Number of protein chains: 2
Amino acid sequence: MAKGQEKTAQVGVTTREAASEAMRDRILATTDRLFYRQGIRAVGVDTVAAEIGISKRTLYNYFPSKDALVVAYLERRFAPIPISDRPPAEQILDAYDRVGSLFAADALRGCPFVNAVTELADPAHDAAKIAFAFKERRRLWFRDLLLAAKAKDADGLAGQLCVLLDGAIIQMLVRNDAGLAEVARDAASTLLKAAGVKLPARRRR
Amino acid sequence: MAKGQEKTAQVGVTTREAASEAMRDRILATTDRLFYRQGIRAVGVDTVAAEIGISKRTLYNYFPSKDALVVAYLERRFAPIPISDRPPAEQILDAYDRVGSLFAADALRGCPFVNAVTELADPAHDAAKIAFAFKERRRLWFRDLLLAAKAKDADGLAGQLCVLLDGAIIQMLVRNDAGLAEVARDAASTLLKAAGVKLPARRRR
DNA sequence: AGCTACCTACACAGATCTGTGTAAGCAAGG
DNA sequence: CCTTGCTTACACAGATCTGTGTAGGTAGCT
């Protein structure tokens with residue numbers, strides 16, 4: 001892999017381009033942290049620039065407006081779901097465990113897409129479109145797993161599982177209790193069982 | 001009831017006090033509309049005062065700060081749940097229909113308490129405490145109905161129903177689809193059935 | 001070496017926001 | 001009647017926010 005000490009890090013990519021990409025990454029990483037933890041409206045571009053250690057002017061060279069920064073932040077959050085070959089029911093239930101773990105590790109402050117929709121309060125904003133697309137993608141992810149698991153009414157059940165997942169995230173946030181994730185998981189188990197899905201044996205407890 | 005044309009509307013209540021209370025109501029009614037529809041951070045006190053048709057100075061005579069106004073807004077939303085003598089399972093499922101109807105009537109833009117928590121992004125804010133209390137009260141409402149319906153594990157199931165309800169509200173908001181309320185209701189039906197609760201016959205459909 | 005592009009520092013415009021101070025008007029209450 | 005208290009209009013302080021303009025430094029690129 002390593003091509004040695006070439007002048008350019010990659011063929012056809014100048015160091016300038018590489019530096020530009022690195023800067024963009026730095027900006028988005030910091031933006032993500034601040035927007036997600038403190039809220040989009042609560043964080044100004046001055047704060048973002050200062051936190052990164054760059055001038056506000058540079059930030060505006062990369063993103064023409066705060067709105068563009070918000071969109072880029074959400075698009076970055078819209079990362080593809082890794083494909084797994086584990087049993088579908090296990091993957092589904094793991095989704096609830098995952099949000100529970102994230103919350104317990106203080107890495108979850110609601111759903112970034114939902115938060116953006118709530119904070120911006122403008123259905124015409126691009127953030128609303130991205131949020132919609134994100135929720136739709138997750139619904140399809142659930143649905144495909146349910147089809148693979150031969151569940152009855154995979155479509156309807158997928159919607160129910162989405163409702164449970166978002167509900168768990170919200171309830172954890174407001175009630176400040178990571179246990180709500182397991183509550184949602186239990187509900188999901190009941191729904192899966194009712195749809196004729198064979199559940200994996202409980203690992204712990 | 002009517003005591004006639006007395007000087008004071010109520011015994012021991014001067015017209016001044018009555019006017020003051022009426023003004024407070026007007027302020028809170030308008031505040032509710034603006035804060036809920038457009039968001040707390042998106043609406044300034046100038047806007048609120050202008051919308052009511054009073055001076056900003058008067059508004060600050062009633063509420064010493066915007067924060068106090070926010071708290072009063074949320075406290076007003078914290079109205080007691082009307083007690084009903086209808087069958088418990090029916091009352092529970094109706095909760096989902098109700099949020100669905102509200103959303104369909106364009107009267108729902110998420111949960112005001114959740115929105116406040118998200119917008120203010122400060123766990124120490126009074127809004128977070130009020131939101132917590134609101135969610136807790138609803139959980140207990142579910143739990144008591146479940147106990148009356150002789151459901152298995154009323155406590156656990158109440159938590160699940162809360163997750164479903166909040167999830168439905170969020171999903172309706174982001175996906176802009178009132179049908180999600182029925183999805184949540186179906187899930188709730190399945191959970192109730194699994195807990196041994198006799199469900200009411202479906203009214204329509 | 002010299003050109004080009006980016007980055008920084010900094011000032012600033014202009015809009016907004018919360019909250020206060022003040023003088024004048026007006027109506028209720030004693 | 002006349003005092004007291006509420007309301008208004010308006011100005012303003014001070015903070016914050018987005019976004020721009022500019023001059024000069026620095027580092028890549030040819």
Side-chain angles (χ1 to χ4, degrees), chain A residues 5-27 30-31 34-35 38-73 119-122 125-127, chain B residues 5-27 30-31 34-35 38-73 119-122 125-127:
Chain A
Q5 310 275 11
E6 288 189 15
K7 234 176 180 173
T8 53
Q10 252 183 291
V11 180
V13 174
T14 66
T15 54
R16 267 190 154 60
E17 281 174 83
S20 177
E21 222 173 296
M23 177 71 95
R24 203 185 138 89
D25 286 350
R26 276 175 66 203
I27 293 174
T30 302
T31 297
L34 294 177
F35 279 3
Q38 297 175 228
I40 294 171
R41 294 191 87 118
V43 173
V45 287
D46 288 276
T47 308
V48 175
E51 187 78 7
I52 306 170
I54 62 173
S55 71
K56 190 169 52 166
R57 207 67 186 74
T58 300
L59 202 155
Y60 272 100
N61 281 344
Y62 282 83
F63 300 95
S65 67
K66 184 179 178 178
D67 245 37
L69 192 57
V70 170
V71 168
Y73 150 62
E119 283 197 80
L120 303 176
D122 172 15
H125 197 288
D126 281 343
Chain B
Q5 308 275 11
E6 290 189 15
K7 232 177 181 173
T8 54
Q10 247 185 290
V11 180
V13 174
T14 65
T15 55
R16 265 192 164 45
E17 282 175 84
S20 176
E21 222 172 297
M23 178 69 97
R24 202 186 138 89
D25 286 350
R26 276 175 66 203
I27 292 174
T30 302
T31 297
L34 294 177
F35 278 3
Q38 298 176 227
I40 294 171
R41 294 191 88 118
V43 173
V45 287
D46 288 276
T47 308
V48 175
E51 187 78 6
I52 305 169
I54 63 174
S55 71
K56 188 169 55 166
R57 207 70 186 75
T58 300
L59 202 154
Y60 272 101
N61 283 345
Y62 282 84
F63 300 94
S65 67
K66 185 179 178 179
D67 245 38
L69 193 58
V70 171
V71 168
Y73 150 63
E119 283 197 81
L120 304 175
D122 172 16
H125 197 287
D126 281 342

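Residue numbers start from 1 in every chain, and the chains themselves are labelled A, B, ... in the order their sequence lines are given, proteins ahead of strands. Predicted model only: the values in this text are computed from it and were never measured.
- Within 4.0 Å of A:S20, counting heavy atoms only, lies no atom of the nucleic acid at all.
- Of all non-hydrogen atoms in B:K66 and B:G44, the two that sit nearest each other are NZ-CA, 4.5 Å.
- Contact annotation: the side chain of B:I54 approaches that of B:M23 to within less than 4.5 Å [non-hydrogen atoms, C-beta and beyond].
- A distance of 6.5 Å separates CD of A:E51 from OG1 of A:T30, quoted to the nearest 0.5 Å.
- Looking at residues 52-61 of chain A, you'll see A:K56, A:R57, A:Y60 sit with a heavy atom under 4.0 Å from some atom of DNA chain D.
- Rounded to an integer number of Å, the gap from A:L69 CG to D:dG19 P is 10 Å.
- Atom-to-atom, CG of A:D46 to C1' of C:dT8 comes out at 14 Å; the value is rounded to the nearest Å.
- Here the P atom of nucleotide D:dT16 and the CD atom of A:Q38 are 14 Å apart, to the nearest Å.
- Just one residue in the list A:Y62, A:F63, A:Y60 forms a side chain to side chain contact (heavy atoms under 4.5 Å, CB included) with A:L69, and that residue is A:F63.
- OP1 or OP2 of D:dT7 sits under 4.0 Å from a side-chain N or O of B:Y62.
- B:L59 and B:A49 make their closest contact through CD1-N, 3.8 Å (heavy atoms, listed as atom of the first residue, atom of the second, distance).
- The separation between B:E119 atom CD and C:dC17 atom P is 14 Å, rounded to whole Å.
- C:dT16 atom C1' lies 11 Å from atom CZ of A:R41, rounded to whole Å.
- Following rounding to the nearest Å, A:M23 (CE) and D:dA27 (P) show an atom-to-atom distance of 13 Å.
- Summarising the geometry, the separation between CD on B:E17 and P on D:dG5 is reported as 13 Å, rounded to the nearest angstrom.
- Inter-residue side-chain proximity for B:D126 and B:D67 is flagged as unmet; no heavy-atom pair is nearer than 4.5 Å.
- Atom pair A:F63:CZ and D:dC17:P shows a separation of 20 Å (rounding to whole Å applied).
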